[in-house]
> 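Once you've had a glance at the structure underneath, I'll fire off some questions.
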Amino acid sequence: MTIVLSTPGVEGLSEALGALREWQHDEAPLQLHPGDLGWFWRAGAEATAAAVRTWSRDGRIVAVGLLDAPDLVRLTTAPDAQQDEELARRLAGDLAEPKRGVLPAGKACVEAPTGALVRDLLFEAGWNSGEPWTPLRCDLTAPVKEPGLRTEVTGPERAHVRAAVHRASFGSPKFTDRRWHAMAAGPAYADARCLVAYDDQDNAVAAVTVWSAGPGRPGLLEPMGVHQDHRGHGYGTAICVAAAAALRRLGASSALVCTPTSNTAAVATYASAGFQPLPQRLDISRAA
């Protein structure tokens, strides 16, 4: 059966999101999540569609990729296709050939789940290990402890507060109120929540967005940040605890997050909130 590579368009994004939801389960290695597309949606539906690639066989989506940057694709496959040689060879070929419209020539990076056959084929083709990442998981079968900090779910009327905390956390001016509204208008946000934490003086000190993949499936934290003027007080730990509790209320079986291994402060923050480190994952890179 022929494997078809597509850029789905806005009308096809719901199908891609549905496939990603279906593929999430607690035994799987960290992989592309519906929340990753949901967070990208802050750039708008058209930009998100332009960044998504799907591979289908016999009318069924068997792999989804997200171009998180022009030279970075985040890729995952259906659980029953991770060792599918036909699919893996097609993916590796599409990633290597710029004319197929996935990655450009020269320097490039691929994120794929640990254990997927496509990783082995890329290494065989001369790609190298890239940046190490640390995934972390918080089991949500038992109740989550209290965060010890007042948190609120952000609605449209408080979007400016959520956006301001993000800008102050990451030093980036790009996440505006308008982008929050674009993100919230996407279908993935129907199962998401933005939380903002406040200190005793009512300052907004930390924020996080959590994404559910549906009841009984892992949820995702993306992103989490602490305001640069309010660091060193445990607010990062508190907002992560609140995030886990919010996902549990949404029916998630666990909460997932991933951060560069080099960001030791972030790893420590998640661990202090009850997230357990999972085996390190390496990106796959190609030199210029």
Side-chain angles (χ1 to χ4, degrees), residues 3-69 72-82 87 91 94 101-102 110-113 116 118 135 140 153-154 156 175 179-194 208-223 243 246-247 249-258:
I3 296 173
V4 179
L5 166 63
S6 302
T7 301
V10 173
E11 68 283 353
L13 286 174
S14 292
E15 186 180 4
L17 283 167
L20 289 175
R21 286 191 187 97
E22 181 183 333
W23 298 346
Q24 307 301 313
H25 60 93
D26 284 313
E27 292 73 31
L30 189 79
Q31 60 181 326
L32 189 68
H33 190 278
D36 293 310
L37 268 64
W39 174 238
F40 196 98
W41 217 288
R42 68 198 188 278
E46 290 78 11
T48 304
V52 171
R53 301 291 183 272
T54 60
W55 287 261
S56 301
R57 181 167 51 197
D58 198 25
R60 176 201 177 203
I61 294 178
V62 290
V64 177
L66 173 66
L67 285 163
D68 224 355
L72 164 64
V73 64
R74 304 176 64 188
L75 177 73
T76 195
T77 71
D80 62 353
Q82 286 204 357
L87 176 61
L91 292 172
D94 289 341
V102 183
V110 175
E111 175 194 293
V118 66
L140 298 180
V153 176
T154 298
F175 191 51
R179 288 202 160 201
W180 186 92
H181 286 286
M183 176 185 73
Y189 197 77
D191 298 318
R193 300 289 185 273
C194 275
V208 67
T209 304
V210 297
W211 305 88
S212 170
R217 302 183 185 276
L220 180 72
L221 280 65
E222 176 61 24
L247 282 171
R249 288 192 295 271
L250 289 167
S253 56
S254 61
L256 299 172
V257 70
C258 194

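Computed from heavy atoms alone, side chains included, the values below leave out hydrogens, waters and symmetry copies.
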> Please test Leu32 against Leu75 for side chain to side chain contact (heavy atoms under 4.5 Å, CB included), starting from the C-alpha separation and ending with a verdict.
CA-CA 6 Å; Leu32 189 68; Leu75 177 73; over 6 Å; no
> Side-chain donor-acceptor pairs under 3.5 Å in residues 11-19, sequence neighbours left out?
none

> Can you name the nearest heavy-atom pair linking Tyr189 to Cys194, along with the distance?
OH-N, 3.2 Å
> If the condition is ring-ring contact (aromatic ring centres under 6.0 Å, His included), which residues does Trp55 pass it with, not counting sequence neighbours?
none
> Can you confirm whether Leu247 sits close enough to Leu140 that some side-chain heavy atom of one is under 4.5 Å from a side-chain heavy atom of the other?
yes
> Closest approach of Thr54 and Pro8, non-hydrogen atoms and distance?
CG2-CG, 4.3 Å
> Distance-only check: which donor-acceptor pairs under 3.5 Å involve side-chain atoms of residues 213-221, not counting sequence neighbours?
unit_1 : atom_1 : unit_2 : atom_2 : d
Arg217 : NH1    : Glu22  : O      : 3.1
Arg217 : NH1    : Gln24  : O      : 3.0

> Apply side chain to side chain contact (heavy atoms under 4.5 Å, CB included) to Thr77 and Leu91, showing your working.
CA-CA 10 Å; Thr77 71; Leu91 292 172; 3.9 Å; yes
> Taking only residues two or more places apart in sequence, or in another chain, which ones meet Trp41 in a ring-ring contact (aromatic ring centres under 6.0 Å, His included)?
none
> Ring centres of Phe175 and Trp39 under 6.0 Å apart?
yes
> Could you go through the side chain to side chain contact (heavy atoms under 4.5 Å, CB included) check for Asp26 and Ser254 one step at a time?
CA-CA 7 Å; Asp26 284 313; Ser254 61; 2.5 Å; yes
> Please list all pairs meeting salt bridge (charged side-chain N to carboxylate O under 4.0 Å, His left out) that have one or both residues in residues 35-54, counting only residues at least two apart or in different chains.
Asp36-Arg74
> When you measure from the side chain of Gln31 to the backbone of Trp23, do you find a donor-acceptor pair of N or O atoms at a distance under 3.5 Å?
yes
> Please lay out, stage by stage, how Leu66 and Leu37 fare under the test side chain to side chain contact (heavy atoms under 4.5 Å, CB included).
CA-CA 7 Å; Leu66 173 66; Leu37 268 64; 4.1 Å; yes
> Report yes if the side chains of Ser56 and Val62 come closer than 4.5 Å at any heavy-atom pair, otherwise no.
no
> Between the side chains of Asp80 and Arg57, is the shortest nitrogen-to-carboxylate-oxygen separation below 4.0 Å, so that they form an ion pair?
no
> Is any side-chain heavy atom of Leu67 closer than 4.5 Å to one of Leu72?
no
> Partners of Phe40 by ring-ring contact (aromatic ring centres under 6.0 Å, His included), sequence neighbours excluded?
none
> Ignoring hydrogens, what is the shortest heavy-atom contact between Trp211 and Gly38? Give both atom names and the distance.
CH2-C, 3.3 Å
> Which atoms form the tightest heavy-atom contact between Thr7 and Ala49, and what is the distance?
CG2-O, 3.4 Å
> Looking only at non-hydrogen atoms, find the nearest pair between Arg21 and Pro187 and report the distance.
NH2-O, 3.9 Å
> Measure the NE2-CZ distance between His181 and Arg179 for me, rounded to the nearest 0.5 Å.
14.0 Å
